[in-house]
Amino acid sequence: MNYYNIPQPKRIKTLEVKVGDLLIGNNHPIRVQTMTTTDTMDTVATVEQSIRCIEAGAELVRITAPSKKEAENLLNIKNELKARGYNTPLVADIHFTPNAAEIAAKIVEKVRINPGNYVDKKKFEQIEYTDVEYAEEIERIRERFSPLVLICKEYGTAMRIGTNHGSLSDRIMSRYGDTANGMVESAMEFLRIARSLDYHNIILSMKSSNPIVMVEAYRLLVNTMDVEFGEIYPLHLGVTEAGDGEDGRIKSAIGIGTLLQDGIGDTIRVSLTEDPEFEIPVCKDLVKLNCQLDNDSESQRPKTNTQFQIPNSKFQIPQVIADYMLAETITQQDLQSIGYTYNEATDKWNIGDAAADFIYTSNKILNFALPGTLRVLVDANVWNDSLDNEKYFPFYQGNEVLNDNSKFKIQNSKLNFVALDVSKNVDIIIEATKDNNTIVYVVYSNETNGMQQCRAFAQELATQNIHNPIIIAVESYHSSIDEQLIHFAQKAGALFLDNIGNGIWLMNDPSKIVNQKVNGRIYLPVKNNHQFLNNTSFGILQATRKRISKTEYISCPSCGRTLFDLQETTAKIRNRTNHLKGVKIAIMGCIVNGPGEMADADFGYVGSGVGKITLYKNKDVVKKNIDSETAVDELINLLKESGAWVEETISNNSN
Ligand code: SF4
């Protein structure tokens, strides 16, 4: 096996694109960007918010231009920024309005178009196209898109062809479906036209609110460009409608971080339902974690990974291991942080939806009866001291399983956990344990290419038909909680996205964490470290759709089109619905893009006018233009009418 000496990944070499004075691609540093949420017609508010973003570190600022008048006002915004000493390149965000794009392209340094709606109007129609009809459609796009390309060429303006999973055109949907393939083809149609006009100042993106789809689409796009053109345009990475707080950060870190770790990505945006300047520290953490990657030469382009399935597992769903190694004592109350609440009066446990499956105690045997679904890992040398072989399982440090000492013999008849540092050669341990189906490998590596080593190790096991479960263990010693969150999400998430892992075990040393203030705001302060690790583990499994333990929120980051206070409304909806395990609720700022962009949500809450909300069930309107004052109640009624509502309860379990 050669998992431990696989080469360090390298950044994929892309073409160089010039956005104002900023160079993107061609191994230039990964650029970070965000988008304003103000009304574009409010010049002062947009300028001031842009400045807050620039001061936080944004290297590009995107501003929505829904119609000609906003596109024209970009000139006032640009001039005012210049007058205040800021020359950061601006990007006009365009949906549906080619005439606004053509105006903006003469003013700002870059325009972003959405190939799903630049020429096509989405009507959710299924049409069968013959090849001739399809070719005619492409000609129609060429006619409408070429003028913008020629303006960009003349003015030296860059362009992003930004595909969104949720807003593919009816034409693409009819031929390719709602797939990564469709996303790639949607961009390629426009890219081919631009190339035919000898215009190359182009960046591409393949965003989705589902990191699995997003990662697959970027990988496919890289391969498609490489095969068709022999060169790769720079890529802008992002997970759309990621939401807010921990969940938004986890989803973004998994999607963006997975690709960055494999050397894909030249510029990034983390879309959070928060003020845009708060997106920048998350971007910077991601860039920092991945900046060790060497630059690539064309001949050494890394191969993108193909997904594979780890066969078989003792565990039906990925297991969560809570790490209590550093705890001096463990009481019943301490388990509340990992989903188990003990009621002393009734001697019963309440078990939450996000309750850990195992707890690692190092050498501590607990002096109380455990809740029904919780099991304990203890160090192999003390395992015999536990009296309950059904609940306690031994944990071996690699070579210990090879030890003749009886304390280290493989002891339990059901499960034995073995830690493997796959940055080293562990073949001898694998050889000794591979035929024993009680063995669970706890796999880790602290090397910069640790994710790739774990992936190569899992691939090697699959090749050799070794089916023992793999627990992904990640340790983080970053000094801020937000950096740890990003680190955990990208390292473990990248593996779960590729279907590697039957469990997750996150570790840290809470005494090393320093709460960090950014722009006067404290990020994710740790009230309880065990709870932080447990929430992060379940969040990673949810974002990678491997284990659903809570409601999923798909909320847009808001922009100049937003028709209500998205942050406040998201918090209100979350507060009422966060017990609806597995239900996907989208909260979208406008009716123009919201319905298209909310992808696979079960229910949608969409701004449709000032003080007006339209509610959706899947893609269908069910309540139109209702008063925003009563809209959250109406959403709850809709959930009830649709059978998606349950009253909030906590399951009981006696020990
Ligand atoms: S869905 Fe949200 S972010 Fe997208 S255009 Fe509408 S308001 Fe802006």
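Counting convention: from 1, in listed order, for ligands and their atoms alike.
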I'd like the residue list for ligand 1, meaning every protein residue with a non-hydrogen atom under 4.0 Å from the ligand.
C556, S558, C559, R561, T562, G589, C590, N593, G594
Would you mind listing every salt bridge (charged side-chain N to carboxylate O under 4.0 Å, His left out) that reaches into residues 146-162, with sequence neighbours excluded?
none
Taking the ring centre of each residue, are F145 and F190 less than 6.0 Å apart?
yes
Roughly how far apart are N290 CG and I268 CD1, rounded to 0.5 Å?
8.5 Å
All pairs passing ring-ring contact (aromatic ring centres under 6.0 Å, His included) where residues 551-575 contributes a residue, at least two apart
F564-Y605
Residues 57-67 side chain polar contacts: donor-acceptor under 3.5 Å, at least two apart:
from: E59; atom 1: OE1; to: V32; atom 2: N; distance (Å): 2.9
from: E59; atom 1: OE2; to: R31; atom 2: NH1; distance (Å): 3.2
from: R62; atom 1: NH1; to: D93; atom 2: OD1; distance (Å): 2.6
from: S67; atom 1: OG; to: E70; atom 2: OE1; distance (Å): 2.4

Does the side chain of N76 pick up a donor-acceptor pair with the side chain of N79 at under 3.5 Å?
no
